[in-house]
Undergrad: 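Questions regarding the structure given below will be posed in turn.
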Protein chains: 2
Amino acid sequence: MLTFLYLTSIFHPMSTVPPFSNTLSGELTSTLRDAIITGEIPQGAKLSETKLSQELDVSRGPLREAIRRLEGMNLIQHIPQQGARVVTLSMELVLQLYETREALESKAVALAAINMTSQEIDQLHRLIDAQSKHMRENSGAFIPAESDYAFHETIIRGSKNKVIEQALLRELYNLIKMFRYQHEFARNSTTNSLIEHRQIVYAIEQRDPELAEVTMRRHIVHARERIQRRMSASSAA
Amino acid sequence: MLTFLYLTSIFHPMSTVPPFSNTLSGELTSTLRDAIITGEIPQGAKLSETKLSQELDVSRGPLREAIRRLEGMNLIQHIPQQGARVVTLSMELVLQLYETREALESKAVALAAINMTSQEIDQLHRLIDAQSKHMRENSGAFIPAESDYAFHETIIRGSKNKVIEQALLRELYNLIKMFRYQHEFARNSTTNSLIEHRQIVYAIEQRDPELAEVTMRRHIVHARERIQRRMSASSAA
DNA sequence: AATGGCATAAATGTTGACATTTTTGTATCT
DNA sequence: AGATACAAAAATGTCAACATTTATGCCATT
């Protein structure tokens, strides 16, 4: 039933992250990653090697390697002699993700305020302008998720700290994207987010690490609180 | 030449981290991890699948899986069609490691001040007492690395945040241990560290997250500055 | 009817061989 | 002598079969 996975991996909007191409096991990694993020393979589902290898028409070797990599990205959990399961995003885990993101990304933006090039700051302006334009032209008050990710990824890369970048983009953000993609209420950002984005860019522009840090911290805490409210309001998934 | 690796993986003091047992590829993961941390397989060395499989007398399948896992722990870097190399700890990377550790572990201790059980706090006291005893009885002014790791790991686990715990213990600490193990000057902690450890435990005991956070942040910044001084003084490895 | 054990089936772990790509070394040409 | 091109060798990527462990389902027993 997963025959359309190859299309997903190429066209899907989720794929801002490295495509792992060149090798079959790399392709499989991207394919499965996107299928997990979108929920095409649902949370808690077992990744049966035999079934997947038949459906995707590959041998089990590369598949196992892809699974090991996804394990490293925290998208799946592997129990020896039992197999791999897609991670389940409990409310507890999501809140912990945002706590961790707060710690890492506030540090990232502080470093970005020091290390970003002016070209990268220009890029932030372009993204914000696009977000602003989108809001004006579409009645609704939402930033598309893709644009929001681009904004945050630009800052994270601008920190020039490869360790933080890796921790955020390779481990945390996949899980956050998975959560937001699978929960309609979390999929888009509010109008407040745009204001906060402006504040963050202002602080970076001023080369003020402390201001950038507290602004980003507040931005993420707000997001977490919004999630917390809406999750306890509706069903706690 | 790596025939003694199995012994290393069992007896080596580095192994406070999960042993990955039960399965051959899990054993290989632990074995290679420890060999990398200790420098038995040196930085930048190529992990040749054919050679390793001969020396360790295993087939390449499990070996490749172990390598994928070590990739996820940031201990090795893999380039498709070219193979895997042990990461090289440049001065830049080490400083970035400590920046990241500062962000994560200061958050961890703030959470630990809220979430730690009294049993866990007792454990911290026992560790500090042992460290104190060790310093009194041995002329030198050093905390053994193992005891220092145990202290920090107890706090990290005490945060009850699995995401932070994973990021620190599975990704960062292996690299930090690798660095400290391979640089004599970084192997042990100074007398100041013990004082700072006491301050951290005090803050946790008072259930004061903010105090705990700034205390831990300073502790790690001090460690980073010490490293920075000594590395620029001697050779920049 | 429910439980326990046994046999079968299926899944994961492991292996060795095959395919393809990259590297290495040699020979030739300028 | 240096550089380029080709050929051989070695390494990584992939596959299919085998081994071992775990899960399933049936039968017998209480």
Side-chain angles (χ1 to χ4, degrees), chain A residues 1-3 5-6 9-10 18-33 35-36 41-42 44-73 75-87, chain B residues 1-3 5-6 9 18-33 35-36 41-73 75-87:
Chain A
M1 320 307 181
L2 290 171
T3 45
L5 275 179
Y6 281 100
S9 75
I10 291 166
F20 281 107
S21 48
N22 266 341
T23 163
L24 178 56
S25 91
E27 290 287 344
L28 286 172
T29 308
S30 302
T31 302
L32 292 175
R33 176 199 62 196
I36 290 171
I41 304 177
K46 183 165 180 201
L47 292 175
S48 164
E49 293 176 10
T50 36
K51 280 184 190 167
L52 272 179
S53 71
Q54 288 166 6
E55 290 173 1
L56 298 174
D57 194 42
V58 296
S59 73
R60 280 174 53 223
L63 232 180
R64 284 174 69 90
E65 292 198 22
I67 289 177
R68 291 297 98 79
R69 273 196 271 246
L70 294 169
E71 211 182 325
M73 301 183 207
L75 285 176
I76 71 169
Q77 194 178 7
H78 174 89
I79 300 174
Q81 243 95 22
Q82 277 201 339
R85 288 189 176 280
V86 176
V87 70
Chain B
M1 317 301 183
L2 289 171
T3 44
L5 275 178
Y6 282 100
S9 76
F20 281 106
S21 46
N22 265 341
T23 163
L24 177 56
S25 91
E27 290 287 344
L28 286 172
T29 308
S30 302
T31 302
L32 291 176
R33 177 199 60 198
I36 290 171
I41 302 177
Q43 295 180 29
K46 180 158 183 209
L47 291 175
S48 164
E49 294 176 8
T50 35
K51 280 184 191 167
L52 272 179
S53 71
Q54 287 165 7
E55 290 173 0
L56 298 174
D57 194 40
V58 295
S59 71
R60 279 174 54 223
L63 231 181
R64 285 174 68 90
E65 293 199 22
I67 289 177
R68 291 299 98 78
R69 270 196 273 246
L70 294 169
E71 210 182 327
M73 300 185 208
L75 285 176
I76 72 170
Q77 196 178 4
H78 174 89
I79 299 174
Q81 243 93 23
Q82 278 200 341
R85 288 190 175 279
V86 176
V87 70

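Chain identifiers are assigned alphabetically (A, B, ...) following the order of the sequence lines, protein sequences preceding nucleic acid strands; residue numbering begins at 1 within each chain. Because the structure is a prediction, the values reported are computed rather than measured.
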Undergrad: Quick one: is C:dT14 close enough that its OP1 or OP2 comes under 4.0 Å of any side-chain N or O from B:Thr23?
TA: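 So the side-chain polar atoms of B:Thr23 do come within 4.0 Å of the phosphate oxygens OP1 or OP2 of C:dT14, strictly under.
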Undergrad: Heavy atoms under 4.0 Å, any strand shown: does B:Pro62 hit a base, just sugar-phosphate, or nothing?
TA: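 Base, at least one base atom sits under 4.0 Å.
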Undergrad: Between C:dT12 atom P and A:Glu65 atom CD, what is the distance in whole Å?
TA: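 Going from A:Glu65 (CD) to C:dT12 (P), I get 16 Å.
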Undergrad: How would you label the contact of B:Gly61 with the nucleic acid (heavy atoms, under 4.0 Å): base, sugar-phosphate, or nothing?
TA: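 Base contact.
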Undergrad: What is the distance, rounded to the nearest whole Å, between atom CG of A:Asn22 and atom C1' of D:dG13?
TA: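 Nearest whole value for this atom pair: 12 Å.
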Undergrad: Rounded to the nearest angstrom, tell me the gap between atom CG in B:Leu63 and atom P in C:dG13.
TA: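 Spelled out: CG on B:Leu63 to P on C:dG13 is 16 Å.
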Undergrad: D:dA23, OP1 or OP2 - any side-chain N/O from A:Gln82 closer than 4.0 Å?
TA: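 Indeed, a polar side-chain atom of A:Gln82 lies that close.
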Undergrad: Taking only the side-chain nitrogens and oxygens of B:Arg60, find out if one of them lies under 4.0 Å from OP1 or OP2 of D:dT12.
TA: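 Answer is no, no contact under 4.0 Å.
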Undergrad: Rounding to an integer number of Å, can you tell me how far A:Leu47 CG sits from C:dT12 P?
TA: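 In whole Å, C:dT12 P and A:Leu47 CG are 9 Å from each other.
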Undergrad: Apply side chain to side chain contact (heavy atoms under 4.5 Å, CB included) to the pair B:Glu27 and B:Val58, showing each step before the final yes or no.
TA: CA-CA 11 Å; B:Glu27 290 287 344; B:Val58 295; over 6 Å; no
Undergrad: Take B:Leu32 and B:Leu63 through the test side chain to side chain contact (heavy atoms under 4.5 Å, CB included) and record every step on the way to the result.
TA: CA-CA 10 Å; B:Leu32 291 176; B:Leu63 231 181; 3.9 Å; yes
Undergrad: What integer distance in Å separates A:Leu24:CG from D:dT12:P?
TA: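 Rounded to whole Å, this separation is 18 Å.
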Undergrad: Within this structure, what is the CD-to-P distance between B:Glu49 and C:dA19, rounded to whole angstrom?
TA: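 Distance check: B:Glu49 CD to C:dA19 P gives 19 Å.
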Undergrad: Would you say B:Thr50 reaches D:dA10's phosphate, i.e. side-chain N/O to OP1/OP2 under 4.0 Å?
TA: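 Indeed not, no polar side-chain atom of B:Thr50 lies that close.
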Undergrad: Could you say whether A:Ser59 or A:Gln81 is positioned toward the 5' end of DNA chain D, judged by the nucleotide with the nearest heavy atom to each?
TA: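 Going by which nucleotide is closer to the 5' end, it is A:Ser59.
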Undergrad: Kindly give the heavy-atom pair with the smallest separation between B:Arg85 and B:Gly44, and that separation in Å.
TA: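 Here B:Arg85 and B:Gly44 meet closest at NH1-O, 2.9 Å.
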Undergrad: Is there a side chain to side chain contact (heavy atoms under 4.5 Å, CB included) between A:Leu75 and A:Val86 once you walk through the steps?
TA: CA-CA 6 Å; A:Leu75 285 176; A:Val86 176; over 6 Å; no
Undergrad: Rounded to whole angstrom units, what separation is found between the CD atom of B:Gln54 and the P atom of D:dA10?
TA: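 In whole Å, D:dA10 P lies 11 Å from B:Gln54 CD.
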Undergrad: Could you tell me whether A:Arg68 and A:Glu71 have a side-chain N and a carboxylate O separated by less than 4.0 Å?
TA: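 Counted as a salt bridge, because a side-chain N and a carboxylate O are separated by less than 4.0 Å.
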Undergrad: Can you measure A:Lys46 atom NZ to D:dT22 atom C1' for me and round it to whole angstrom units?
TA: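 To the nearest whole Å, that distance equals 9 Å.
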